[in-house]
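Proteins get letters first, then strands, A, B, ... in listed order; numbering begins at 1 in each.
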Number of protein chains: 2
Amino acid sequence: MENTSYSYLSREGNLASIASLGRSVFFPSNTTIFEQGSAAKYLYIVGEGVIRISRHLQDGQRYVMAFLKKGDICGVPETGTYLNCACTLSPTQLFKVNVSVLEKRSSDHGELFSELLLKTVTQIRIQQDRLIMTARCDVPTKVAMFLLDLCENFGCFCEKTGILTLPMPRSDIADYIGIAIESLSRALQVLTKQNVINRIDCRHLNIDVGRLRAAATP
Amino acid sequence: MENTSYSYLSREGNLASIASLGRSVFFPSNTTIFEQGSAAKYLYIVGEGVIRISRHLQDGQRYVMAFLKKGDICGVPETGTYLNCACTLSPTQLFKVNVSVLEKRSSDHGELFSELLLKTVTQIRIQQDRLIMTARCDVPTKVAMFLLDLCENFGCFCEKTGILTLPMPRSDIADYIGIAIESLSRALQVLTKQNVINRIDCRHLNIDVGRLRAAATP
DNA sequence: CGAACAGTTGAAGACGATCAATCTGAGTGG
DNA sequence: CCACTCAGATTGATCGTCTTCAACTGTTCG
């Protein structure tokens, strides 16, 4: 594997140059570092200890997104608020970097890397949502969420007619959601019985967006 | 929600400055853009069309990681090879950017953003693996994968004694894996019966790493 | 027209969730 | 030092959901 064309990414990712912009802070065991929903003013780099990153869902359930260890990073902002909460599992030392410092650095450089960074951070958020969906929702809900995503983001839904044109076959959808093709078919049956969708042919569905949104809420 | 402290990330993420470095290319429907495992020389930004990103697993199964649409990005390299394969679902126009161009730009700027970018790209890869695990593996396999991760990456496994010290309670593990606490307990039973692990007390396990690695392979 | 593939439907079984009961172990106060 | 307590962890029994395998339907294209 040649190492020339992507060395910009393959160097030691120790985050030293970022950590040096912040200050070292300590937390005892079982302490909240930041709350879900609060303003994301700091980015943290773990020095020592183990941290739990978790998400509190509407229904009271909890999902643990990650366990962080030395060299890991959390609090990279995208929307301005923390999407998850962070809590120590052991006495922990962190480097705390003010996000405004990054802002300042960004203007010194070109937009290229910050654009790329934004895209990757967005993708992490999307994958987190998907992870929760995969782990916690039943099949009809998963399918509804997928259809809603198609309607809202893929430009294959006609608002006038209410018709969604599926750009991919059943097998791709099933492999995306992580279910069997047959389960997908049955979930579409369920949604049809609930008058959420109406099958025109296998690539065209009539959608009641309001009901779909309800069906896509766990 | 104030917009000052993170505007470096909140500007329109259209990737225009990156796309401008590449050239426009077209693919017909149902065409492979890149194969899983091949050298990652280009980064792609979707102009028009829908692309399927999928992963082929060892056992012949397939998992669809994502469907990409206008403005989405794929092929951001981390390890030097593509981890997934990309295939068009419709006629597609893309911007194809040589990774070496990014390399060149990186050296012009500080290391800060490329370090951050590497971290986020790594996190995306880890989340992808976790997504596959969550969707496709049975509970004992999931638990084995988790324990192996702890042994290899969290510094809580003593090679001499073969004892793993769990840094978190059962509830955290279960919420991380996405299973019930009781299922976790039963999975540990199964692994014990297979002589993969041996319970000392609820925070300490004797581990047979070789067998654990086997149990963690789907 | 019929072959080949995509999608749907049916029946059986496996797996994990849930609820309830029990066990363990660390911390507390007598 | 020993009961007592309470949360965490395990075990048992039951039930529902999703997978699997199989048969069938429908659609596209030579």
Subject >> Donor-acceptor contact below 3.5 Å, side chain B/K69 vs main chain B/G49 >> reply: no
**OP:** Report the C-alpha separation of A/L89 and A/I51 in whole Å, then their side-chain angles, then the decisive distance to 0.1 Å, and conclude whether the side-chain contact (heavy atoms from CB on, under 4.5 Å) test is met.
**Re:** CA-CA 5 Å; A/L89 288 170; A/I51 291 172; over 6 Å; no
**OP:** Using the closest heavy atom to pick a nucleotide of DNA chain D for each, name whichever of B/S183 or B/Q61 lands nearer the 5' end.
**Re:** B/S183
**OP:** Measure from CD1 on A/I200 to P on C/dG7 and round the result to the nearest Å.
**Re:** 16 Å
Give me, pair by pair, the N or O atoms of the protein and of nucleotides 12-17 of chain D that are less than 3.5 Å apart, along with how far apart they are.
{"residue": "D/dG12", "atom": "N7", "partner": "B/R186", "partner atom": "NH1", "Å": "2.9"}
{"residue": "D/dG12", "atom": "O6", "partner": "B/R186", "partner atom": "NH2", "Å": "3.1"}
{"residue": "D/dA13", "atom": "N6", "partner": "B/R186", "partner atom": "NH2", "Å": "3.3"}

Original post:
Does atom NZ of B/K70 have more than 12 heavy-atom neighbours from other groups under 6.0 Å away?
Top reply: no
Original post:
Which nucleotide in the list C/dA17, D/dA9, C/dG16 gets nearest to the side chain of B/A180?
Top reply: C/dA17
**OP:** Considering just the side-chain nitrogens and oxygens of B/S185, establish if one lies under 4.0 Å of OP1 or OP2 belonging to D/dT10.
**Re:** yes
Subject >> A/I181 CD1 to D/dA22 P, straight-line distance once rounded to whole Å >> reply: 16 Å
Subject >> Nucleotide D/dT19, atom P - distance to CG of A/L184 in whole Å >> reply: 10 Å
Original post:
How long is the line joining CD1 of A/I177 and C1' of D/dT19, in whole Å?
Top reply: 15 Å
Subject >> Length of the CG-P vector between B/N30 and C/dA6, whole Å >> reply: 10 Å
**OP:** State whether A/Y44 and A/K96 meet the cation-pi test: NZ (Lys) or CZ (Arg) under 6.0 Å from the six-membered ring centroid, and within 45° of the perpendicular axis.
**Re:** no
**OP:** To the nearest Å, give me how far apart CD1 (B/I173) and C1' (D/dT10) are.
**Re:** 14 Å
Subject >> Modelled atom types, side-chain donor and acceptor of B/R55 and B/Q128, under 3.5 Å >> reply: yes
Any protein N or O atoms within reach of nucleotides 25-30 of chain D? Criterion: under 3.5 Å, listing atom names and distances.
none

**OP:** Quick one: label B/I179 by what it contacts on the DNA or RNA (base, sugar-phosphate, nothing), any heavy atom closer than 4.0 Å.
**Re:** sugar-phosphate
Subject >> Nearest listed nucleotide, side chain of B/R170, among C/dG16, D/dT10, C/dG7 >> reply: D/dT10
Original post:
Salt bridge check: are A/D175 and A/R170 linked by an N-O gap of less than 4.0 Å?
Top reply: no
Subject >> Centroid-centroid under 6.0 Å between A/Y176 and B/F67 rings >> reply: yes
**OP:** Please report, rounded to the nearest Å, how far the C1' atom of C/dA26 is from the NE2 atom of B/H204.
**Re:** 13 Å
**OP:** Round to a whole Å and report the spacing from CG of B/L166 to P of D/dA9.
**Re:** 9 Å
**OP:** For A/F154 and A/D149, work out which heavy atoms get closest and say how close.
**Re:** CD1-O, 3.8 Å
Original post:
Is there a donor-acceptor contact under 3.5 Å from the side chain of A/T92 to the main chain of A/S90?
Top reply: yes
